[in-house]
Amino acid sequence: MAVLEVRGLTKHFGDFKALKGIDLTTQEGEFLTIVGPSGCGKTTLMRSIAGLEKPTAGDVLLNGRLITPLPPRARNIAMVFQSYALYPHMSVADNIAFPLKARGVARAEQERLIRWATGILGIEALLHRRPARLSGGEKQKVALARAIVRKPSLFIFDEPLSSLDAQVRALARAELRQLHDRTGVTTVYVTHDQVEAVGLGDRVAVMQAGALCQIGSPQELYREPANTFVAGFIGTPPMNLLERGATIVGFRPEHLMPRAAVPESEDVATFQVHVARIEFLGSEWLAYGSADGEFRNAKVLCKLRQEAISKVKVGEVQEFVVSRSLLRFFDTKTGMHTAAAPI
Ligand SMILES: Nc1ncnc2c1ncn2[C@@H]1O[C@H](COP(=O)(O)OP(=O)(O)OP(=O)(O)O)[C@@H](O)[C@H]1O
């Protein structure tokens with residue numbers, strides 16, 4: 001198990017600042033997910049950690065050892081990308097053995113490691129096939145087996161599941177997490193999908209425009225977003241953000257309730273909401289509305305259970321409430337979390 005530390009990592013491409021001084025430390029054996037919109041610098045950060053990109057400034061340390069000057073092969077980091085990059089003319093067994101052969105590992109040891117890796121991933125039956133005869137999910141497993149067989153100190157996954165269809169992807173995600181739990185290798189996993197990031201990670205790091213906005217447990221990010229970007233990025237659907245002068249008031253769609261569905265005794269803030277439409281989601285309903293009055297018709301989403309939906313009148317302005325303890329406040333200018341304002 002290893003600890004990865006990134007200090008002040010900066011990367012410029014000409015005038016463009018792709019990474020603006022990233023500081024990040026993993027815990028030992030942690031599964032850390034990195035999430036952010038396209039172009040925010042996730043891949044550049046991973047490539048810099050793996051040694052494929054030379055940072056403009058800053059350092060990378062693995063177990064306290066400075067690895068910034070080392071070439072990729074001397075870092076003992078396994079990186080798995082979206083494209084599996086399997087060798088098409090080699091069997092699955094030879095693909096998995098490739099990094100071992102390159103290191104001169106003895107044949108008997110190679111076979112033992114291949115058995116171990118294919119056993120963990122459940123692909124023993126595929127050993128003699130060529131990649132062209134594998135499904136996307138199987139290719140992914142072979143790529144993973146090839147990565148773990150080296151017994152790396154650190155795994156880096158860069159959107160490894162994005163080419164799989166939704167169903168296979170959900171399964172592969174669970175398997176990937178199990179693989180981590182079995183091997184205990186510290187893992188950094190990049191995705192632009194916040195559902196995946198929150199579901200997989202022990203902690204989640206949110207990036208925006210080359211900077212790290214917040215790093216914390218999925219619960220911390222959900223409950224206490226550091227700024228409006230995180231509030232609007234994490235959660236399905238994301239937090240409602242209503243501007244009122246110097247302050248933005250935030251609350252989760254699942255915490256907004258019709259007045260009639262909440263006990264009188266609760267300490268709540270009241271919003272006048274016009275509900276335009278409701279949508280059936282299965283176990284829940286989603287109401288699309290806008291807040292009246294001082295919030296200048298801001299769009300509001302409300303996620304409701306079956307019991308509460310009967311209290312909603314579509315096409316009318318109605319009182320909705322949020323428990324005061326669930327309100328969050330942000331500075332309109334900076335977007336940063338601030339102290340509670342009267343409401
Ligand atoms: N070699 C390069 N030369 C110039 N600009 C680059 C280079 N590599 C990346 N960039 C730019 O740096 C920014 C960050 O790219 P990066 O690939 O790290 O983003 P990302 O968050 O991984 O995006 P995505 O989710 O779309 O893969 C982008 O604007 C990209 O165009």
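Since we're looking at a predicted model, the values are computed, not measured. Read the numbers this way: they start at 1 and go in the same order the structure lists the ligands and their atoms.
Here His192 has no heavy atoms under 4.0 Å from ligand 1, in either its backbone or its side chain. At a 4.0 Å heavy-atom cut-off, ligand 1 touches Cys40 through backbone and side chain alike.
Ser38 OG, 2.5 Å is the protein heavy atom nearest to atom 26 (O) of ligand 1. Of the protein's non-hydrogen atoms, Lys42 NZ, 2.9 Å is the one closest to atom 25 (O) of ligand 1. Nearest protein neighbour of atom 27 (O) of ligand 1, counting heavy atoms only, is Thr43 OG1, 3.8 Å. Among all protein heavy atoms, the one lying closest to atom 9 (C) of ligand 1 is Phe13 CE1, 3.5 Å. Closest protein heavy atom to atom 11 (C) of ligand 1: Phe16 CE2, 3.8 Å. In terms of protein heavy-atom proximity, atom 15 (O) of ligand 1 is nearest to Thr44 OG1, 3.7 Å.
Every residue two or more places apart in sequence or in another chain was checked for a side-chain hydrogen bond (donor to acceptor under 3.5 Å, both in side chains) with Asp23, and none qualifies.
Of the N and O atoms on the side chains of Thr338 and Asp331, not one donor lies less than 3.5 Å from an acceptor on the other residue.
At most 12 non-hydrogen atoms from other residues, nucleotides or ligands lie less than 6.0 angstrom from CZ of Arg107.
With a 4.5 Å cut-off on side-chain heavy atoms, Arg133 and Leu126 do not count as touching. Side chains of Leu4 and Ile77 form no contact here, defined as non-hydrogen atoms less than 4.5 Å apart.
Considering backbone and side-chain N/O of Gly41, one or more are found under 3.5 Å from N/O of ligand 1.
For atom 31 (O) of ligand 1, no protein heavy-atom neighbour is present inside the 4.0 Å cut-off.
Here ring-ring contact (aromatic ring centres under 6.0 Å, His included) pairs that include residues 205-230, with residues two or more places apart or in two chains, are Phe229-Phe233.
When each of Ile215, Thr186, Asp202, Thr187 is tested with Thr26 by the rule side-chain contact (heavy atoms from CB on, under 4.5 Å), just one qualifies, namely Thr186.
Comparing Gly39, Ala18, Gly14, Gly36 by heavy-atom distance to atom 23 (O) of ligand 1, the nearest is Gly39.
The CZ atom of Arg223 lies 14.0 Å from the CD1 atom of Ile234; values are rounded to the nearest 0.5 Å.
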